[in-house]
Enquirer: 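Structure in structure tokens, see below.
Please read these numbers as outputs of a predicted model, since none were measured by experiment. What's counted below: heavy atoms across the whole structure, side chains too, no hydrogens, waters or symmetry copies. When a residue number appears, it is its place in the shown sequence, counting from 1.
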Amino acid sequence: RAEELARKALDLQKKTPWAYHALSHVIEEEGDAACGVEFLTSSRESWKDSLYGGHLTWHLALYHLDLGNIEAVLAEYDSVLCDKVVSYLGLVDAASLLWRLDVMGLDPGEERWQKVVDAFTRCHLDHRALTWFDAHVMMSLAHGKVTESAARLVLAERLLKSISEYAKNNTSTDCKVADVVGVPVCNALLAFGKEQYSEVISLMLPLKYDLVKLGGSWAQRQVFSVTLIHAAIRSNQLPLALALIAELKGRKPKSRKLARLLDEVKASLGDDMQQGPIRIVTFP
């Protein structure tokens, strides 16, 4: 129904950014990344200068990521998304995309991260209003091996303290969200940066079906699913990783990335588990 109405809207008015956005979500939920690349690339002139121009570029970058086109992902980031970090949505898009690359072992580079970190810490480090946003601030601070950056680690701990105090205020619905979901999720993101992958699972897995309380779209919340999957792989909990991948692929049946990852984990489960942690290479 969403696809039908979006296509009808585009028939009536070609430059309707909301229709392109709705169709992008339909394609994302099907996992048909090749279709998504063709759709958004061919229609770019109609949406690139709209309010959704940056966010639709984020969707396009996700399609490229699913196909394993990492150079295209970074090209979209560098040409469009890096200049959108002056806005709330732009910061969320940038942090989410770079974090996905990071947890998948595809280092996007410190220069790209630093611009996001600077934008977040300049205005949002001690200002609490939306836990969804706070989780993305933590992604920017916890990226890579956070223990190798004393400055970022101090800022991450400061952010955690601020979120914990905010959660205790009980003055808004979002305070409750921070208490139930936000604090453990932010702790889990920091644990990933500290390479404490079992801790990530302990903190985030029990909340897997409560993450919707953070807000955002299903496409946006997949960043947490990706984090869980790669924490399971990195901690050599491959049966759990297999279950998480299979569940997500059930929602995105045409996803090539998930199909590849599923095959790799299945193959690794057939190896001698006594040989130690299995290295999963998501992209050749």
Side-chain angles (χ1 to χ4, degrees), residues 17 21 24-25 28 47-62 64-65 73-104 106-144 146 149 151-163 166 174 177-178 181-183 185-190 192-193 211 213-227:
H21 189 217
S24 295
H25 276 279
E28 172 68 27
W47 55 259
K48 69 175 185 176
D49 296 321
S50 72
L51 180 66
Y52 274 103
H55 188 59
L56 287 169
T57 301
W58 176 80
H59 277 279
L60 178 56
L62 288 188
H64 282 304
L65 185 58
V73 174
L74 294 177
E76 294 295 348
Y77 185 88
D78 292 340
S79 63
V80 178
L81 293 174
C82 71
D83 293 327
K84 301 294 184 181
V85 297
V86 294
S87 71
Y88 160 82
L89 182 56
L91 277 169
V92 168
D93 285 343
S96 173
L97 182 61
L98 295 181
W99 180 262
R100 291 174 197 234
L101 289 167
D102 204 67
V103 300
M104 293 165 67
L106 303 165
D107 181 11
E110 193 60 32
E111 185 176 346
R112 292 185 178 93
W113 268 122
Q114 193 58 52
K115 188 171 183 179
V116 180
V117 171
D118 289 345
F120 272 134
T121 55
R122 185 165 52 248
C123 304
H124 305 289
L125 189 63
D126 298 308
H127 176 67
R128 306 276 72 78
L130 190 61
T131 302
W132 168 253
F133 192 67
D134 295 340
H136 290 79
V137 179
M138 181 57 79
M139 289 175 200
S140 76
L141 296 175
H143 74 267
V146 68
S149 174
R152 278 196 289 113
L153 187 56
V154 167
L155 292 175
E157 296 290 356
R158 177 173 151 189
L159 176 63
L160 272 178
K161 181 180 179 183
S162 177
I163 296 171
Y166 171 74
D174 191 63
V177 171
V181 185
V183 171
V185 164
C186 287
N187 271 293
L189 295 171
L190 182 56
F192 199 103
L211 293 172
K213 295 176 182 177
L214 285 172
S217 67
W218 182 72
Q220 290 175 310
R221 290 193 304 274
Q222 281 179 55
V223 69
F224 302 113
S225 298
V226 172
T227 301

Enquirer: Is the shortest side-chain heavy-atom distance between Gln220 and Ser96 below 4.5 Å?
Expert: no
Enquirer: Determine whether a donor-acceptor pair (N or O, by modelled atom type, separation under 3.5 Å) exists between the side chain of His143 and the backbone of Ser140.
Expert: yes
Enquirer: Indicate the atoms forming the closest heavy-atom contact of Cys186 with Leu160, along with that distance.
Expert: CB-CD2, 3.7 Å
Enquirer: Which residue is it: Thr227, Val223, Val73? I am looking for the one with a side chain to side chain contact (heavy atoms under 4.5 Å, CB included) to Arg100.
Expert: Val223
Enquirer: Please give me the minimum heavy-atom distance between Arg221 and Trp132, naming the atom from each residue.
Expert: CG-CZ3, 3.9 Å
Enquirer: Look only at the side chain of Arg152 and the backbone of Leu141, and say whether a donor-acceptor pair between them is shorter than 3.5 Å.
Expert: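 It does hold such a pair.
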Enquirer: Is there a side-chain contact between Glu157 and Leu190, using heavy atoms and a 4.5 Å cut-off?
Expert: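 Touching, per the 4.5 Å side-chain cut-off.
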Enquirer: Report yes if some heavy atom in the side chain of Leu125 is under 4.5 Å from a heavy atom in the side chain of Ser162; otherwise report no.
Expert: no
Enquirer: Give a yes-or-no answer on whether the side chains of Tyr166 and Asp134 include a donor-acceptor pair shorter than 3.5 Å.
Expert: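 Tyr166 vs Asp134: no donor-acceptor pair found between side chains.
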Enquirer: How many angstroms lie between CD in Glu76 and CG in Leu60, if you round to the nearest 0.5 Å?
Expert: 4.5 Å
Enquirer: Quick one: are Asp126 and Lys161 in side-chain contact, heavy atoms under 4.5 Å?
Expert: no
Enquirer: State, with a plain yes or no, whether a side-chain heavy atom of Trp99 is found less than 4.5 Å away from one of Val116.
Expert: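 They are not in side-chain contact.
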Enquirer: Are Asp93 and Lys84 close enough for a salt bridge, meaning some N to O gap below 4.0 Å?
Expert: no
